[in-house]
Amino acid sequence: MTVRRSAATLAATAAVLCAAAAPVAVAAPSPSPSPSAALPAGLYGTKDPTYDGVWRQSMAFLAQRVEGVTPAAKSVDWLVSQQCADGSYAAFRPDVSEPCDAKTVRDTNATAAAAQALVEVGGHRETVNNSVRWLKSVQNEDGGWGYTAGAPSDANSTSLVIGALARQGQKLADITTPGGKTPYDPLLALAIPCGGKDGGAFAYQSDKKGKLTANADATAAAVLGTMGKAMAVGNNAAGKAPVCRSGSGLTPEQAAQNGAHYLVGALAGSNHLNQAPMPGAADSTPQPDFGNTADAVVALSASGHQDKAAGAIGWLKKNSADWAARSGPAAYAQLILAAHSTGDDARDFGGVDLVARLNAAGPEPAAVVTPDPSADTGYEPTEKDQVHSGDDVIGGVWWYVGIGLVLAAIAFFLISGRRKNRQP
């Protein structure tokens with residue numbers, strides 16, 4: 001995933017969005033708003049939020065939380081206010097006083113990203129649960145999700161939704177369609193077998209004939225998806241080099257390792273990934289894809305191959321500053337998440353304080369606490385913010401303690417009553 005999504009991904013979703021009478025999202029930075037278009041209070045970034053407002057706000061929160069930053073209340077309120085009554089999110093709603101209707105294009109990517117972000121921020125359990133209910137309600141028959149509700153499943157959208165479900169506490173294996181498909185099934189169907197060209201990679205979608213074409217963007221996303229992980233992952237110790245496992249009937253974890261194997265090969269030599277060429281572009285010279293490279297770093301670290309991401313994180317330190325400055329909050333967030341996953345210092349990333357740059361893109365944070373890298377095993381919500389599986393989730397350790405006390409009291413009452421009834 002680049003600032004929004006890769007060019008190849010956007011080309012695949014353009015038909016869906018046009019059919020829904022909505023403008024197509026763009027991967028390049030959005031144009032600045034006209035002087036008459038005031039930016040909403042609390043929103044991060046100064047560019048037109050039409051196609052990525054919710055996305056970049058969510059990415060900003062994810063990156064801030066792993067770095068010990070608490071966003072300003074009005075920024076969080078803005079993201080919460082963007083939610084439709086059914087729990088879904090559009091890419092951006094300029095007037096939240098107008099309820100969502102049939103013309104509102106619900107966006108699974110924005111909904112999943114917002115849910116992940118609000119879990120990390122904490123204190124908005126029901127908002128998250130509403131989003132999860134909606135995401136589960138639009139699951140495709142193959143077990144996955146498309147960019148919009150009802151669109152064919154793709155690797156990126158499915159993986160983003162998996163991350164949201166996992167962070168909310170859902171048991172992914174229990175989220176099945178009437179046909180028995182789980183969220184992992186469509187990802188496994190998009191995995192290119194080992195042993196041939198691009199073995200181990202994932203396709204974004206299959207073509208009409210069922211052919212799979214390797215997509216590095218989709219592969220980075222699918223590695224996280226098949227591992228059941230969200231976008232913000234911790235600093236994992238390096239393991240053995242990933243091996244591409246051949247054969248059918250692979251487990252999701254095995255498919256993730258295959259994807260990691262492909263990413264290692266794709267990064268070899270240049271230490272970065274390239275943008276997919278735009279159809280009909282006059283200049284076919286490969287251009288570095290900073291965002292996708294950052295995502296590949298996260299995917300490798302999450303799958304236990306942090307050491308294999310060292311070259312890519314080094315390349316990003318040297319080359320990504322100008323790209324991030326042009327692109328804005330989501331780009332800074334991607335770099336912060338990459339640095340966090342490898343244990344690098346996001347406050348001195350090639351001489352750039354990514355955290356300060358991100359914080360400056362929006363309202364002053366409510367609090368900034370520098371985390372201790374030596375004790376960092378990955379951000380997890382506190383017990384009071386943790387949510388658990390099920391649609392109507394309450395969550396929180398004290399809720400369970402309270403229920404336990406009530407059950408204990410009932411049991412004591414029943415046992416006492418039985419004892420009294422047994423007395424002569």
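Residue indices begin at 1 and follow the sequence shown.
Checked by atom type and distance alone, the side chain of Thr104 pairs as donor or acceptor with a backbone atom of Asp101 at under 3.5 Å. Between the side chain of Asp348 and the backbone N or O of Gly351 there is at least one donor-acceptor pair closer than 3.5 Å. The backbone N or O of Thr182 lies less than 3.5 Å from a partner atom in the side chain of Asp185, making a donor-acceptor pair. When atom types are taken as modelled, the side chain of Lys229 and the backbone of Ala302 share a donor-acceptor pair closer than 3.5 angstrom. In this structure a side-chain-to-backbone donor-acceptor pair under 3.5 Å is present from Trp145 to Leu135. A distance-only check finds no donor-acceptor pair linking the side chain of Ser159 to the backbone of Asn156 [under 3.5 Å]. A donor-acceptor pair is defined here as one N or O able to donate and one able to accept, closer than 3.5 Å; no such pair exists between the side chain of Ser341 and the backbone of Gly234. Remark: side-chain polar atoms of Gln205 are paired, donor with acceptor, to backbone N or O of Pro152 under 3.5 angstrom. Remark: side-chain polar atoms of Asn140 are paired, donor with acceptor, to backbone N or O of Ala151 under 3.5 angstrom. Side chain of Thr111 to backbone of Tyr89: a donor-acceptor contact under 3.5 angstrom is found.
Taking each heavy atom of Thr342 and Ser301 in turn, the nearest pair found is CG2-OG, 3.3 Å. Closest of all the heavy-atom pairs between Ala149 and Thr108 is N-CG2, 4.4 Å. The heavy-atom pair separating Leu190 from Tyr204 by the smallest distance is CD1-O, 3.5 Å. Here the closest heavy-atom approach between residue Ser320 and residue Leu335 is recorded as OG-CD1, 3.5 Å. When every heavy atom of Leu273 is checked against every heavy atom of Ala216, the shortest pair comes out as CD1-CB, 3.9 Å. Summarising the geometry of Gly144 relative to Thr158, their closest heavy-atom pair is CA-OG1, 3.6 Å, with the distance given to 0.1 Å.
In this view, Asp95 and Ser97 satisfy the side chain to side chain donor-acceptor pair (under 3.5 Å) rule, not counting sequence neighbours. Take Lys317 and apply the salt bridge (charged side-chain N to carboxylate O under 4.0 Å, His left out) test, not counting sequence neighbours, and it matches Asp344. Scored by the side chain to side chain contact (heavy atoms under 4.5 Å, CB included) test, Val96 finds Ser81, Gln82, Arg93 as partners (sequence neighbours excluded). Residues passing the salt bridge (charged side-chain N to carboxylate O under 4.0 Å, His left out) test with Asp86 are Arg106, sequence neighbours excluded.
Once rounded to the nearest 0.5 Å, the distance linking CZ of Phe202 with CG of Asn215 reads 11.5 Å. The CD atom of Gln170 sits 12.5 Å away from the CD1 atom of Ile162 when rounded to the nearest 0.5 Å. Note that the OH atom of Tyr262 and the CG atom of Leu267 stand 9.5 Å from one another [nearest 0.5 Å]. The CG atom of Asn271 sits 9.5 Å away from atom OG1 of Thr293, with the distance rounded to the nearest 0.5 Å. With values rounded to the nearest 0.5 angstrom, Ser206 atom OG is found 11.0 Å from Asp154 atom CG. Asn129 contributes atom CG, which lies 11.0 Å from atom CG of Leu118 (distance to the nearest 0.5 angstrom).
Residues Phe61 and Val69 form no side-chain contact, since every pair of their non-hydrogen atoms from C-beta on lies 4.5 Å or further apart. Pro40 is listed as a side-chain neighbour of Phe92, based on a closest heavy-atom distance under 4.5 Å. In this structure, Lys181 and Pro186 have side chains that are not in contact, with every pair of non-hydrogen atoms separated by 4.5 Å or more. Using a 4.5 Å cut-off on side-chain heavy atoms (C-beta onward), Phe349 and Arg357 make no contact. Contact annotation: the side chain of Asp52 never approaches that of Gln57 to less than 4.5 Å [non-hydrogen atoms, C-beta and beyond]. At a threshold of 4.5 Å between non-hydrogen side-chain atoms, the residues Leu358 and Gln64 count as touching.
Taking the six-membered ring for Trp and thresholds of 30 and 60 degrees, Phe290 and Trp315 have nearly parallel ring planes, at less than 30 degrees apart.
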Query - Test side-chain hydrogen bond (donor to acceptor under 3.5 Å, both in side chains) applied to Thr177 and Gln139, step by step - result: CA-CA 8 Å; Thr177 66; Gln139 185 180 21; over 6 Å; no
Side-chain donor-acceptor contacts of residues 243-257 below 3.5 Å, not counting sequence neighbours, with atom names and distances?
| from | atom 1 | to | atom 2 | distance (Å) |
| --- | --- | --- | --- | --- |
| Thr251 | OG1 | Gln254 | N | 3.1 |
| Thr251 | OG1 | Gln254 | OE1 | 3.4 |
| Glu253 | OE2 | Gln257 | NE2 | 3.1 |
| Gln254 | OE1 | Thr251 | N | 2.9 |
| Gln257 | OE1 | His305 | NE2 | 2.6 |
| Gln257 | NE2 | Ser303 | O | 3.2 |

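Residue pairs meeting the disulfide bond (SG atoms under 2.5 Å apart) criterion with at least one member in residues 92-154, sequence neighbours excluded: Cys84-Cys100.
Checking Ser58 against Gln116 by side-chain atom types alone, no donor-acceptor pair falls below 3.5 Å. Side chains of Asp107 and Tyr147: a donor on one and an acceptor on the other come within 3.5 Å.
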